[in-house]
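Here's the structure, in structure tokens; my notes come after.
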Number of protein chains: 2
Amino acid sequence: MASSLKDVARYAGVSIKTVSNVVNGYVHVSAVTRAKVQQAIAALNYRPNTAARHLRQGRSGVIALALPELRAPYFAELAGFVVEAADERSLKVLIEQTDGARDRELEITEGVPGHLIDGLILSPLALTEDDLEQRTDRLPMILLGEQITDGAADRVVVDNVAAAEEAVAHLVSLGRRRIAAIGAQDAAPGATARLRLRGYRQALRRAGIAYDPSLVIPVEQFHRHDGALAMQGLLDLAQPPDAVFCFNDLLGLGALRTLLSHGLSVPGDVAVVGFDDIEESQYSTPTLTTVAPDKEEIARTAIDLLIKRFSGDHDALPRSVNPTYRLICRESTLGG
Amino acid sequence: MASSLKDVARYAGVSIKTVSNVVNGYVHVSAVTRAKVQQAIAALNYRPNTAARHLRQGRSGVIALALPELRAPYFAELAGFVVEAADERSLKVLIEQTDGARDRELEITEGVPGHLIDGLILSPLALTEDDLEQRTDRLPMILLGEQITDGAADRVVVDNVAAAEEAVAHLVSLGRRRIAAIGAQDAAPGATARLRLRGYRQALRRAGIAYDPSLVIPVEQFHRHDGALAMQGLLDLAQPPDAVFCFNDLLGLGALRTLLSHGLSVPGDVAVVGFDDIEESQYSTPTLTTVAPDKEEIARTAIDLLIKRFSGDHDALPRSVNPTYRLICRESTLGG
DNA sequence: CTGAAAGCGCTAACAA
DNA sequence: TTGTTAGCGCTTTCAG
């Protein structure tokens, strides 16, 4: 059995309160007493019981991070940063995977973990704005990545329209005119896809290039496989594109694979741009030009917003933060 | 303020115990009472308080998974499976990153989270067998990946020697004779590297190929960068190798990049084998031959062993389980 | 500066 | 089948 405050108190010959004071770094404790208590703590290998503390103060020091899937590199990298940022604030992170399924996401926003956690960082895929407004749970929540409107909760999300536009403008500046887009999704989910598509169209319009719907390829998921498949479809076109903007790096990497296996040159025949800047994109052949959101900033911002929520301004208006991003130009557009 | 058992009891006009019985699915409750209680629960949006339950029963339903870093794809994929397996057993998973630093690992084995978790799954990099024997904490722990000997705790680990030998034997069977190894590590950590090296040497011996130390390249970390660098070194040799066995896929992918950027053909000039079977290896150009441990089995086994530990046989002898693995041959050795 | 005692929400003996 | 009660380990008034 683990030792409790009481045990330490008895061992040190002081009261429970005194031990508690020492443990919690309360200042008004005489040096002698403090030393005595600390020695007792060491002797008994005492460790404060989180459960009791949690029960008493209503704070667990644990937050949840809910994301589609850890095996997607973008989310894995982001999760790594979130855990790191949380650690700096003495918070522990519990991971939930939603698979982007709406019912899983709903369940989680409804506070499943039952008072286990102090707050939630959610990266939703399928949740609608309505779902969020229905929400009864008072658990502080930060949304990563956007729905169309904002309103129901704090959000941290890059400006997808602007970022996508910048990526496509880069292709235009390279002289490309027949620019495809891989990653469209029109189902209720896929807000991200819709915004990146909007950025794509905006860039074309600015460049005076006509919008050609046959160059916009929808996908099931944002995985390599879907990217490879979509690229295949584009190559089968009577007039294949000379550039592709992929809505994430995984799609881009899949597209790359299809292009190379057809003996085409990248960027010679087709230039490719991705989105996310996962580590792999620095090492692919060719390396992948991509929009790089500052993941560390996203993680830190999310944690800080969350902490603010459960330390006081529970009722402040929802905030929305746009983390910085930059276009990183690599071989898949510039050549090597 | 969230509602408690007491609130529900009052609302339903029954005692606390009855509500508790309903909540916990106790059978001997009359249908009428049950209905009444359930309605009250719904009306008050009651959710059992995890902290109180935890305090009372000494079980939190939360386990920790401690691994070097989430951004390494192998660990991300593994973590995904662990979270999934835990979910099936109604356990939540809290993630800790160690960066492979010994003091972080030690800290974690010493039960930092303070009674917060029911058990620990640790993938150590730097911890020594001695460290583990010193361990005072009684928290159930499962080790992922091995140290040299076994003894201090349950382990789930592929047979690295046999797997490495099989990988190298595959290269030999392809007619390669000058086979390099990337990933050696001689510091106290790096048990995995040592075992894979042993398998490599065993395969050479069996094939009657002399061991050439200049073909064994040490690395700092198991990252793409280190693999690329190591491969560079090998190409600078008077007699470069005609095959490379990389101790993980990331090293292999890095090596691939160096080879291709030098205009060499894989596997024409140099064949490459990795270890881990991360998703990326199915999509690289060329795709990567690799040893594929069954990650799902590893995760499930770890969870099950852990559950056994904290449900009864706390004191059974340490078990060691070897999950299955298989060599997946792809373009980097067979060509495509 | 230190002690005594109440109570967070729940479960598990025990009683009825 | 249902109710009563003690107590898990801690923090937090309130006294001293």
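Here is the naming used below: chain letters follow the sequence lines, and residue numbers restart at 1 for every chain.
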With sequence neighbours left out, write down each residue that passes side-chain hydrogen bond (donor to acceptor under 3.5 Å, both in side chains) with [X], or none if nothing qualifies.
X      : result
T18(A) : S15(A)
E77(A) : K295(A)
T33(A) : S30(A)
T98(B) : none

Who pairs with [X] by salt bridge (Lys or Arg N to Asp or Glu O under 4.0 Å), at least two apart in sequence or on another chain?
X       : answer
R102(A) : D131(A)
E297(B) : none
R89(B)  : D304(B)

Which nucleotide sits closest to the side chain of [X]: [options]?
X      : options                  : value
T18(A) : dG3(C), dG9(D), dC10(C)  : dG3(C)
P48(A) : dT2(D), dC10(D), dC8(C)  : dC10(D)
S15(A) : dC10(C), dG3(C), dT12(D) : dG3(C)
N49(A) : dG9(C), dC10(D), dT1(D)  : dC10(D)

> How far apart are the C-alpha atoms of V23(B) and R53(B), what are their side-chain angles, what is the distance that settles it, and do they pass the side-chain contact (heavy atoms from CB on, under 4.5 Å) test?
Replying inline: CA-CA 12 Å; V23(B) 170; R53(B) 208 172 246 185; 3.6 Å; yes
Counting just side-chain N and O atoms, does [X] come under 4.0 Å of either OP1 or OP2 of [N]?
X      : N       : answer
Q57(B) : dA12(C) : yes
S20(A) : dT11(D) : yes
R53(B) : dG9(C)  : no

> So which one's nearest nucleotide on DNA chain D is more toward 5', Y26(B) or A52(B)?
Replying inline: Y26(B)
> Start at the 5' end of DNA chain D and walk down; is the nucleotide closest to N21(B) or to V23(A) reached first?
Replying inline: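 Result: N21(B).
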To the nearest Å, how far apart are [X] [atom1] and [N] [atom2]?
X      : N       : atom1 : atom2 : result
H54(A) : dT11(D) : NE2   : C1'   : 14 Å
K6(B)  : dT11(C) : NZ    : C1'   : 15 Å
R59(A) : dG9(D)  : CZ    : C1'   : 19 Å
L55(B) : dC8(C)  : CG    : C1'   : 9 Å
L5(A)  : dA5(C)  : CG    : P     : 17 Å
R56(B) : dT5(D)  : CZ    : P     : 16 Å
R47(A) : dC8(D)  : CZ    : P     : 21 Å

> So which pairs with a foot in residues 55-67 of chain A pass side-chain hydrogen bond (donor to acceptor under 3.5 Å, both in side chains), sequence neighbours left out?
Replying inline: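 As it turns out, the side-chain hydrogen bond (donor to acceptor under 3.5 Å, both in side chains) pairs with a partner in residues 55-67 of chain A, which skip direct neighbours, are S60(A)-D118(A).
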>> As an exercise, state the distance from CZ of R104(B) to CD of E96(B), rounded to the nearest 0.5 Å.
In response: 5.5 Å
> Looking at CZ of R319(A) and OG1 of T301(A), how far apart are the two atoms once the value is rounded to the nearest 0.5 Å?
Replying inline: 12.0 Å
> Do any of residues 29-45 of chain B sit with a heavy atom less than 4.0 Å from DNA chain C, and if so which?
Replying inline: none
Enumerate the protein-to-nucleotides 13-16 of chain C contacts in which both atoms are nitrogen or oxygen and the separation is below 3.5 Å.
none

> For the helix from dC1(C)-dG16(D) to dA16(C)-dT1(D), how many degrees between its two end axes (five pairs per end), to the nearest 10°?
Replying inline: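 The helix from dC1(C)-dG16(D) to dA16(C)-dT1(D) shows an end-to-end axis angle of 40°.
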> What residue pairs, at least two apart or across chains, pass salt bridge (charged side-chain N to carboxylate O under 4.0 Å, His left out) with a residue in residues 8-24 of chain B?
Replying inline: D7(B)-R10(B)
